[in-house]
Asker: 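Before we start, here is the structure in question, set down as structure tokens.
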There are 2 protein chains.
Amino acid sequence: MRQDTRLDEIDRKILIELSANARVPFAELGRRVGLSPSAAIERVRQLESDGLLHGYHAEIDLKALGYSITAFIRLTCDGTRYRPFLKFIQTLDQVVECHHLTGGDAFLLRVVLSSTAELEQLIEKLLPYGMPTTSIVLSTPLQRRQDAHLLTKR
Amino acid sequence: MRQDTRLDEIDRKILIELSANARVPFAELGRRVGLSPSAAIERVRQLESDGLLHGYHAEIDLKALGYSITAFIRLTCDGTRYRPFLKFIQTLDQVVECHHLTGGDAFLLRVVLSSTAELEQLIEKLLPYGMPTTSIVLSTPLQRRQDAHLLTKR
DNA sequence: GTTGAAACGGCCAGACA
DNA sequence: TGTCTGGCCGTTTCAAC
């Protein structure tokens, strides 16, 4: 896990390419960044062991699978319910993200469900841990997957 | 883009495998799900053209790249500022997600930055569009990338 | 769906600067 | 150290079934 070692231009290109298409063959990747296949593989292995590349994941369309509702639930829970709450949400399939936020022991959950009825059930389950504030996602006008701009600029 | 065509067991396994490791060779994928290489590829191509598989992306550790701060910014903007706001956030590199939420023209932004100073600058830029409420992410106790449970259960 | 053959890519060892 | 070359083996692709 390097922290301060600067990336060179080739590393950045590799990250951008793999971010956009994780299945690109290493030989093709090498061609795009101006490296031989083995050198390209070497770079990628280095980026992986440095902790910059964490894995390669297919993007699955949950909407097409029937999970038509995405919602954010904000919930404040006091110190005594903190640990039990973290254990509990691990057991909830609908919770795909949980962030601990600044501001009064607040948690933000991103949840995915197939109906508003399921959302209501989930909210009821959360009630023992705090007062949830729920917002359903109407649309997502911006969803960046390629972190190209975070890599190229600055 | 099929909506209702049910997935069979093999399709589900393929989605789970590619979700966990998008770089697995199709021949190996076929072995894991009990299919010949060409049949496995055929399945994947079908899932892609059905819109269930959207792409394959490397997971890049933004923290290791110096983006130490992730924050959520909630912002309410009225109807007249709606369109200009959407245009404006496209130009902000730090904004990696924007969701339109239920409840009073609210937007939720996920932003990634390298310092609190940068966060302050960003908030100031957003002020003309509405009153932002900012929460910094302290930790992320749950971040599911494999949607295995969403595919297997129910 | 499968099989089989040819082209291609992944990966290891060794040489080079 | 980082890169290139060559060779082996697994993978991809495409045709025919």
Side-chain angles (χ1 to χ4, degrees), chain A residues 1-61 64-65 145-148 150-152, chain B residues 1-62 64-66 145-146 148 151-152:
Chain A
M1 279 282 277
R2 66 176 163 191
Q3 294 294 343
D4 48 359
T5 323
R6 288 288 295 162
L7 301 177
D8 65 10
E9 194 54 36
I10 291 178
D11 285 329
R12 271 195 294 274
K13 281 185 184 173
I14 287 175
L15 290 177
I16 292 169
E17 289 290 339
L18 288 177
S19 173
N21 178 16
R23 282 198 72 91
V24 63
F26 289 136
E28 171 64 21
L29 181 63
R31 245 170 262 136
R32 292 187 193 173
V33 304
L35 241 48
S36 71
S38 43
I41 292 176
E42 179 59 25
R43 291 274 193 150
V44 172
R45 299 286 173 252
Q46 193 59 47
L47 290 168
E48 286 172 351
S49 63
D50 286 346
L52 290 168
L53 273 172
H54 247 272
Y56 311 94
H57 308 287
E59 187 188 351
I60 295 174
D61 190 325
L65 284 175
R145 27 188 156 278
Q146 328 87 312
D147 314 80
L150 293 176
L151 293 164
T152 50
Chain B
M1 279 283 273
R2 67 176 163 191
Q3 294 293 341
D4 48 359
T5 324
R6 289 287 294 161
L7 301 177
D8 65 11
E9 195 53 35
I10 291 179
D11 285 328
R12 269 196 295 275
K13 281 185 184 171
I14 287 175
L15 290 177
I16 291 168
E17 289 290 340
L18 288 177
S19 173
N21 178 15
R23 282 199 71 91
V24 63
F26 288 136
E28 171 64 21
L29 181 63
R31 243 169 267 134
R32 292 187 193 172
V33 305
L35 241 47
S36 69
S38 36
I41 293 176
E42 179 60 26
R43 290 272 192 153
V44 172
R45 299 286 174 250
Q46 193 59 50
L47 289 168
E48 286 172 351
S49 63
D50 286 347
L52 290 168
L53 273 172
H54 248 272
Y56 310 93
H57 308 288
E59 187 188 352
I60 295 173
D61 190 325
L62 293 175
L65 284 175
R145 27 189 155 276
Q146 327 87 312
L151 292 164
T152 51

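Here the structure is a predicted model, which is why all the values come from computation and not from measurement. Order of the sequence lines fixes the chain letters, A, B, ..., with proteins taken first and strands second; residue numbering starts at 1 for each chain.
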Asker: Take atom CZ of B:Arg23 and atom P of D:dG10, then tell me their distance rounded to the nearest Å.
Answerer: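 After rounding, the reported distance stands at 19 Å.
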Asker: Treating B:His57 as the side-chain partner and A:Ser19 as the backbone partner, does any N or O pair qualify as donor plus acceptor under 3.5 Å?
Answerer: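 The answer is yes, because a donor-acceptor pair under 3.5 Å joins these two groups.
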Asker: List the residues meeting side chain to side chain donor-acceptor pair (under 3.5 Å) with A:Arg23, not counting sequence neighbours, and say none if there are none.
Answerer: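 Partners of A:Arg23 under the side chain to side chain donor-acceptor pair (under 3.5 Å) test: none.
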Asker: Show, in sequence, the C-alpha distance, side-chain angles and deciding distance for A:Leu150 and B:Ile60, and conclude whether the side-chain contact (heavy atoms from CB on, under 4.5 Å) test is met.
Answerer: CA-CA 11 Å; A:Leu150 293 176; B:Ile60 295 173; over 6 Å; no
Asker: At their closest point, which heavy atom of B:Leu7 faces which heavy atom of B:Arg12, and how far apart are they?
Answerer: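 Shortest heavy-atom separation between B:Leu7 and B:Arg12 comes out as O-NH1, 3.3 Å.
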Asker: Give me each pair satisfying salt bridge (charged side-chain N to carboxylate O under 4.0 Å, His left out) with a member in residues 31-40 of chain A, each pair once, sequence neighbours excluded.
Answerer: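 Listed by first then second residue: A:Glu17-A:Arg32, A:Glu28-A:Arg31, A:Glu28-A:Arg32.
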Asker: So, using side chain to side chain donor-acceptor pair (under 3.5 Å) as the criterion, who are the partners of A:Glu42 when residues are at least two apart?
Answerer: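 Applying side chain to side chain donor-acceptor pair (under 3.5 Å) to A:Glu42 gives none.
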Asker: Give the first and the last nucleotide of DNA chain C, reading 5' to 3', that has any atom under 4.0 Å from a heavy atom of chain B.
Answerer: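 Extent of the interface on DNA chain C: C:dG1 to C:dG10.
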Asker: Taking all atoms of both residues into account, what is the closest heavy-atom pair of B:Phe26 and B:Ala40, and its distance?
Answerer: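 Closest heavy-atom pair between B:Phe26 and B:Ala40: O-CB, 3.7 Å.
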Asker: Would you name the heavy atoms of B:Asp61 and A:Gly51 that are closest together and state the gap between them?
Answerer: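 Shortest heavy-atom separation between B:Asp61 and A:Gly51 comes out as CB-O, 3.1 Å.
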Asker: For the helix from C:dG1-D:dC17 to C:dA17-D:dT1, how many degrees between its two end axes (five pairs per end), to the nearest 10°?
Answerer: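 Taking five pairs per end, the axes differ by 30°.
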Asker: Mind listing the N/O atom pairs, protein and nucleotides 1-4 of chain D, below 3.5 Å?
Answerer:
from  : atom 1 : to      : atom 2 : distance (Å)
D:dT3 : OP1    : A:Arg43 : NE     : 3.0
D:dT3 : OP1    : A:Arg43 : NH2    : 2.6
D:dC4 : OP2    : A:Ser36 : N      : 3.0
D:dC4 : OP2    : A:Ser36 : OG     : 2.7

Asker: For the backbone of B:Ile10 and the side chain of B:Asp8, can you confirm whether one donor and one acceptor N or O come within less than 3.5 Å of each other?
Answerer: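 Yes, the answer is positive, given that a donor and an acceptor are paired below the 3.5 Å cut-off.
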Asker: Which pair of heavy atoms, one from B:Ile14 and one from B:Arg43, lies closest together, and at what distance?
Answerer: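 Taking B:Ile14 first and B:Arg43 second, the nearest heavy atoms are CD1-CB, 3.5 Å.
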Asker: Expressed as a whole number of angstroms, how long is the span from B:Phe26:CZ to D:dC14:P?
Answerer: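 In whole Å, D:dC14 P and B:Phe26 CZ are 13 Å from each other.
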Asker: When the distance from CZ of B:Arg32 to C1' of D:dT11 is rounded to whole Å, what number comes out?
Answerer: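 One finds 14 Å between C1' of D:dT11 and CZ of B:Arg32, rounded.
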